Each structure stands twice: as structure tokens, then as C-alpha cells.
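Beneath this line is the structure, given in C-alpha cells, with notes to follow.
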Amino acid sequence: MLTELLKLSLIDTELDKLSLMLTELLKLSLIDTELLKLSLILTELLKLSLILTELLKLSLMLTELLKLSLIDTELLKLSLMLTELLKLSLIDTELLKLSLIDTELLKLSLILTELLKLSLIDTCLLYTFDSATQLSFCYSSTTATT
């Protein structure tokens, strides 16, 4: 019976060792579970990091769009200036047309003046003058106006 007790004691010791091993395995399993939880948290953090990267890319795109919008605004300002310049050019063209008309009017005025001189000479020639002084008066008045 002593042998049986020793055997049982040995078995009990082995069971205790196995129990300790199992306890250690359970501890390791708990550590592994915690590591898995940390790994999941890390995966979520990586997902968030990817989302943040995409947001940064979108922010860069938005910055570029804002730059393009500023350029577009400047182009619109330049277009407005060009429109104003074109309006001024049209006004200038109209002024040049008026100047040409004025020049033509001056030419017509000169022609009219010449016609008036000729008419005056014609008038002087049509009338018979009794004295030479009257004839010289007509002639001197026509030459004074030229």
C-alpha cells in the first residue's frame, strides 16, 4: 500500500506540475488575447492613419483648387480690364470718326469760302460800276478775304 501511496503521490505531483503548466499556459493565453486586442487597436489606428492620409491628399487638392480659383479671379479681373479697354478703344474710334467728319466739314467750309469769294467776284463783275474806285473796292475786298 505504501507503493500505491507513493504512486498516487507521484501522480498527484505530476498533476500539480501539469496544473502549474496549465496555469502558465492560461497566463500566456491571456497575454496572447491582450496582444490580439492590441493588434486590433493597431489595425484600427492604421485604418485611421490611412483615412488621415486621404484627408491630407484632399486638403492638398483643395489648396490647388483654391489657387486655381484665385488665378481664375485674376483672369476675370483682367478680362474686365480688357473689356474696359475695348470700350475705350470704341470711344476712341468714334472720336476719330468725328475728327474725320470735322476735317471734312473744314474742307467744305474752305470750299464754301472759296465759293463765296467767287460769288463776290461774280457779283462785282455783274454790276456795272461808274467809277474805278468802286471796282477797286470790289477787287480789294475779295483779295482781303483770301
Side-chain angles (χ1 to χ4, degrees), residues 7-146:
K7 282 183 186 179
L8 286 175
S9 176
L10 279 174
I11 291 172
D12 189 43
T13 304
E14 286 302 314
L15 283 174
D16 284 343
K17 285 181 186 179
L18 287 173
S19 177
L20 283 173
M21 290 171 127
L22 183 59
T23 303
E24 288 302 313
L25 283 172
L26 286 172
K27 284 181 185 177
L28 289 174
S29 176
L30 282 173
I31 291 171
D32 189 44
T33 302
E34 289 303 313
L35 286 173
L36 284 173
K37 286 180 186 177
L38 289 174
S39 176
L40 284 173
I41 291 171
L42 182 60
T43 302
E44 290 302 312
L45 285 173
L46 287 172
K47 285 180 186 177
L48 290 173
S49 175
L50 284 173
I51 290 170
L52 182 61
T53 302
E54 290 303 312
L55 285 173
L56 286 172
K57 286 180 186 177
L58 289 173
S59 176
L60 284 173
M61 284 187 210
L62 182 60
T63 303
E64 289 303 312
L65 283 173
L66 288 172
K67 286 180 185 177
L68 290 173
S69 176
L70 284 173
I71 291 170
D72 190 42
T73 302
E74 289 303 312
L75 286 173
L76 285 172
K77 286 180 185 176
L78 289 173
S79 177
L80 285 173
M81 285 184 207
L82 182 60
T83 302
E84 290 303 312
L85 284 173
L86 287 172
K87 286 179 184 176
L88 290 174
S89 176
L90 284 172
I91 291 170
D92 190 43
T93 303
E94 290 303 313
L95 286 173
L96 285 172
K97 286 180 184 177
L98 290 173
S99 176
L100 284 172
I101 292 170
D102 189 40
T103 303
E104 291 301 316
L105 286 172
L106 286 173
K107 286 179 184 177
L108 289 173
S109 176
L110 285 173
I111 292 170
L112 182 60
T113 302
E114 289 300 314
L115 285 172
L116 287 172
K117 284 181 187 178
L118 290 173
S119 175
L120 185 60
I121 291 170
D122 190 37
T123 302
C124 283
L125 289 176
L126 285 176
Y127 291 107
T128 307
F129 291 100
D130 291 336
S131 75
T133 56
Q134 288 177 335
L135 183 59
S136 83
F137 170 74
C138 274
Y139 179 72
S140 65
S141 65
T142 58
T143 55
T145 55
T146 53

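Just so it is clear, the structure is predicted and the values come from calculations on it, not from any experiment. For the single chain, residues carry numbers from 1 onward in sequence order.
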Closer than 3.5 angstrom, by distance alone: can the side chain of T123 be matched with the main-chain N or O of S119 as a donor-acceptor pair?
yes
To the nearest 0.5 angstrom, please state how far the CG atom of L118 sits from the CG atom of L125.
10.5 Å
Just verifying a value: how many Å separate D122 CG and L115 CG, rounded to the nearest 0.5 Å?
11.5 Å
Side chain to side chain, L100 and L96, heavy atoms closer than 4.5 Å
no
Roughly how far, to the nearest 0.5 Å, is the CG atom of L35 from the CG atom of L40?
11.0 Å
Taking salt bridge (Lys or Arg N to Asp or Glu O under 4.0 Å) as the test, write out the residues that go with K107, two or more places apart.
E104
